[in-house]
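Contents: one structure, followed by commentary.
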Protein chains: 2
Amino acid sequence: MQNIRVAVDAVVFGYKDHQLNVLLIKRKVAPFQGSWALPGGLVLENESLETAVERELKEETNVTIDYLEQLYSFGKPGRDPRNRVISVAYFALVKPAHHTIKADTDAQDVAWFPMTELPELAFDHHIILEKAKTRLRNKLTYEPIGFDLLSTKFLFSDLEKLYMTILEKKIDRRNFRKKIMSFEILEELDEKVSEGRGRPANLFKFNKKQYFKLQKEGFLFDIK
Amino acid sequence: MQNIRVAVDAVVFGYKDHQLNVLLIKRKVAPFQGSWALPGGLVLENESLETAVERELKEETNVTIDYLEQLYSFGKPGRDPRNRVISVAYFALVKPAHHTIKADTDAQDVAWFPMTELPELAFDHHIILEKAKTRLRNKLTYEPIGFDLLSTKFLFSDLEKLYMTILEKKIDRRNFRKKIMSFEILEELDEKVSEGRGRPANLFKFNKKQYFKLQKEGFLFDIK
DNA sequence: ACAAAAGTGTTCCCAATACACCCATGA
DNA sequence: TCATGGGTGTATTGGGAACACTTTTGT
C-alpha cells in the first residue's frame, strides 16, 4: 500500500522598495526547525490544492493572494527526511502594501526577503524558488502580471523599474512607455505624486477589463 | 491522518500519417473498465515521478520515451471515484516509427489516436490532454521539439506539415524554409527520397549538438 | 506532355532600437 | 539656481510577410 503525503508550498512574490521580495516563514517544528522556508503544508483530505495553498497562507502568514497559479510538483524520494512527500508548488503574486503579514499557527516568524538577500532555505525550497523566479521572468514578458505586484495606483517609473529589476536589464524609458501606452490598457489618473525632489509624476491604473476585452479580440501582451 | 494517493499520467504525442496522434490504453479494470485512458498509474514508494512514468509506459504500452517533461498536477477531490488521487501529468514526445506498441499488464489494448478522432476518455483525462495540446502548440514555437516527433531523417516538407498541423494554420513555404535554414541547426543529407510523384526531396537531420552550442551562445529558437 | 511536389529571391512595411533635450518641482 | 526625476519625438534598421515561377521526377 502506497504511503506518500501530498503537500503544497507557495512562492509568494511581492515588490517592495524597488526590489523583488519573497515571503518566507520561520519553521516552528522539526525538521529544519528555526530555518526559513516557503509557506505551505499538507493538503487536507477534502480540499482542493488551491484551497490548501490559500488556507496555509492565511494560517501561516495572514496573506491573501491576488494572483495564484500552479508552478511545478516536486517529488524526489528523500526531499523530506521524514516521509515521502510530494509537494505541489504554487506561484503567487501580491501587493505587499495591501497586506499585514503576521506569524501564526505553525510559523515562528514571517518576513519579506529581497531576492538579493535570501537566507538558507529548508528542504529543496531553493530549487522551487529558482523555478518560480524563472516563471516570473518569463511570464512578465507575455502577460500583464507586473500590475499584480504594484499598488493599484502606480507611477510609470515604478512599472519601468519593476521590469528592469526582474528582467535584470536596462530598458529605454521612451521606448518602454511608447510600447505600454500603445496597448491602451492603462488609465492615466488626474493625480500627481511628488516623490521628494523632481517633477511630480502622474499616477496610472491597470485597466483589467480593457485588457480582457482586447485579449478576447486577439491582442497579445508582449514586452521584450 | 492524510489518505491521498499519488499517480502519474502521460500524454504521449506522436506524429503519424501527417497527423498528430496520442497514445491511449484501454482500461482492463474498474473504474472506467473498457474506457480509453492516458497511460499511467500509482507511484511506487521509492521511485521518482519520472521513473514512475517511464515504468508505467513500458508496462502498459511498450513505449520508451524520447522527450519527457512535467505538465501539470491534477488534484481536485472527486476526480477519481474511489479515493482521493493526485495525478502528476507528464508530457511526452516519441517518434512512432521507432516503437512497436503492445498492450501488457494493466492494459487491455493500446493504440495511437489521431487528435481529430478521439474517443471518450476516463477520469478527467480530456482536461489533461487539452492542457498537453496547448503546451505542445506553445512549445513548438520556442523550442525545437518538433524534431522529437519526426524520424531522425526527415523531409523538409514533413517539418513544414507538422508545424501547419499542430499550429493549425497555413505557413508560407519559402519564409518557413528561410527561417529554419537561417538557424543552421539542420544537416542536409546526400540522400533523396521520392514520395510517389513529384521531384524527389532531400533528407535532413536535426543537429542537436549544434543547437545546444548555439543555445549556449544565446541563440533563441523562435517560429511564429 | 503533364501532373505533382520540391526548391528558390525580391519587395514592402512595420515594429524594435537608438538616441537627447525640455519640464516641473523642492531644496 | 541647481539638482532631481518626469515626460516626450524622430531617424534608422532589420526582420516578418506577401508573393510566383522553375526544376525534377513518375506516369
Side-chain angles (χ1 to χ4, degrees), chain A residues 15 17-19 140-142 146 150-151 153-165 167-205 214 217-224, chain B residues 17-19 140-142 146 150-151 153-165 167-205 214 218-224:
Chain A
Y15 186 74
D17 317 318
H18 299 169
Q19 286 240 277
L140 204 57
T141 69
Y142 63 88
L150 295 172
S151 300
K153 299 172 180 185
F154 56 87
L155 305 176
F156 213 97
S157 60
D158 288 337
L159 185 64
E160 192 192 311
K161 280 173 198 152
L162 183 148
Y163 268 84
M164 289 200 279
T165 305
L167 300 183
E168 291 173 38
K169 66 171 192 179
K170 289 224 187 313
I171 292 177
D172 180 273
R173 187 151 40 111
R174 283 168 290 187
N175 294 338
F176 182 75
R177 191 174 181 123
K178 211 185 309 171
K179 188 75 187 284
I180 299 274
M181 284 311 194
S182 75
F183 294 163
E184 299 186 313
I185 53 176
L186 290 194
E187 207 175 311
E188 185 161 1
L189 303 176
D190 270 339
E191 281 179 76
K192 291 193 198 303
V193 166
S194 173
E195 292 253 354
R197 343 194 169 299
R199 175 175 173 175
N202 227 304
L203 282 169
F204 291 83
K205 263 180 91 165
L214 291 173
E217 296 166 5
F219 162 74
L220 286 180
F221 184 91
D222 179 37
I223 295 287
K224 289 285 149 51
Chain B
D17 316 318
H18 299 170
Q19 286 240 279
L140 205 56
T141 69
Y142 64 86
L150 296 172
S151 300
K153 299 171 179 187
F154 57 87
L155 305 177
F156 213 98
S157 61
D158 288 338
L159 185 65
E160 192 191 309
K161 280 174 197 149
L162 184 149
Y163 269 84
M164 290 200 278
T165 305
L167 300 183
E168 292 172 38
K169 66 171 192 178
K170 289 222 187 315
I171 291 177
D172 180 272
R173 188 149 40 110
R174 283 169 290 186
N175 293 338
F176 182 74
R177 191 173 181 123
K178 211 186 310 171
K179 189 77 185 285
I180 298 275
M181 283 311 194
S182 74
F183 294 163
E184 300 186 311
I185 54 176
L186 291 193
E187 208 174 310
E188 186 162 359
L189 303 176
D190 271 339
E191 282 181 76
K192 291 194 196 305
V193 166
S194 172
E195 294 252 352
R197 345 195 167 297
R199 176 174 173 175
N202 227 305
L203 282 169
F204 290 84
K205 262 181 92 167
L214 290 172
F219 162 74
L220 286 179
F221 184 91
D222 180 38
I223 296 287
K224 289 285 147 51

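Throughout, a chain's letter reflects where its sequence line sits, starting with A, and its residues are numbered from 1. Everything numeric here is computed off the predicted structure, so don't read it as measured data.
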Q) Taking the side chain as C-beta and beyond, is there a heavy-atom pair between B:Phe221 and B:Leu214 under 4.5 Å? A) no

Q) Within this structure, what is the CD1-to-C1' distance between B:Ile180 and C:dT8, rounded to whole angstrom? A) 16 Å

Q. Closer than 4.0 Å, any side-chain N/O of B:Ser157 to the OP1 or OP2 of C:dA5?
A. no

(Q) Looking at the base of D:dA20, is there any donor atom on it, or on the side chain of B:Arg174, that sits under 3.5 Å from an acceptor on the other one? (A) yes

Q: Starting at atom CD of B:Glu195, determine the distance to atom P of C:dA4, rounded to an integer number of angstrom.
A: 15 Å

Q. Taking atom P of D:dG15 as reference, at what distance in whole Å does atom NZ of B:Lys178 sit?
A. 12 Å

(Q) Check this for me: B:Lys179, atom NZ, are more than 12 non-hydrogen atoms of other residues, nucleotides or ligands nearer than 6.0 Å? (A) yes

Q | First of A:Asn202 and B:Asn175 reached from the 5' end of DNA chain D, by closest nucleotide | A | A:Asn202

**Q.** First of B:Phe204 and A:Pro200 reached from the 5' end of DNA chain C, by closest nucleotide
**A.** B:Phe204

**Q.** Flag side-chain contact, heavy atom, 4.5 Å: B:Ser157 against B:Lys161
**A.** yes

Q.
Between B:Phe156 and B:Gly198, which residue's closest nucleotide on DNA chain C lies nearer the 5′ terminus?
A. B:Gly198

Q. Has B:Glu195 got more than 12 heavy atoms of other residues, nucleotides or ligands less than 6.0 Å from its CD?
A. no

Q. Any side-chain N or O of B:Ser194 under 4.0 Å from OP1/OP2 of D:dT25?
A. no

Q. To the nearest angstrom, how far is B:Arg199 atom CZ from D:dT27 atom P?
A. 18 Å

Q) Which part of the nucleic acid does B:Asp172 contact within heavy-atom distance under 4.0 Å: base, sugar-phosphate only, or nothing? A) base

Q.
Does any part of the side chain of A:Leu159, heavy atoms only, come nearer than 4.5 Å to the side chain of A:Phe154, both counted from C-beta?
A. yes

Q) Please give, in whole Å, the distance from D:dG7 C1' to A:Glu160 CD? A) 11 Å

Q: Provide, to the nearest angstrom, the distance between the CD atom belonging to A:Glu191 and the P atom belonging to D:dG6.
A: 17 Å

Q) Reckon B:Arg197 touches a base, only the sugar-phosphate, or nothing at all at heavy-atom distances under 4.0 Å? A) sugar-phosphate

Q | Euclidean distance, atom CZ of residue A:Arg177 to atom P of C:dA16 [Å, nearest integer] | A | 18 Å

Q: Starting from C1' on D:dA17, measure out to CD1 on B:Ile171 and report it in whole angstrom.
A: 13 Å

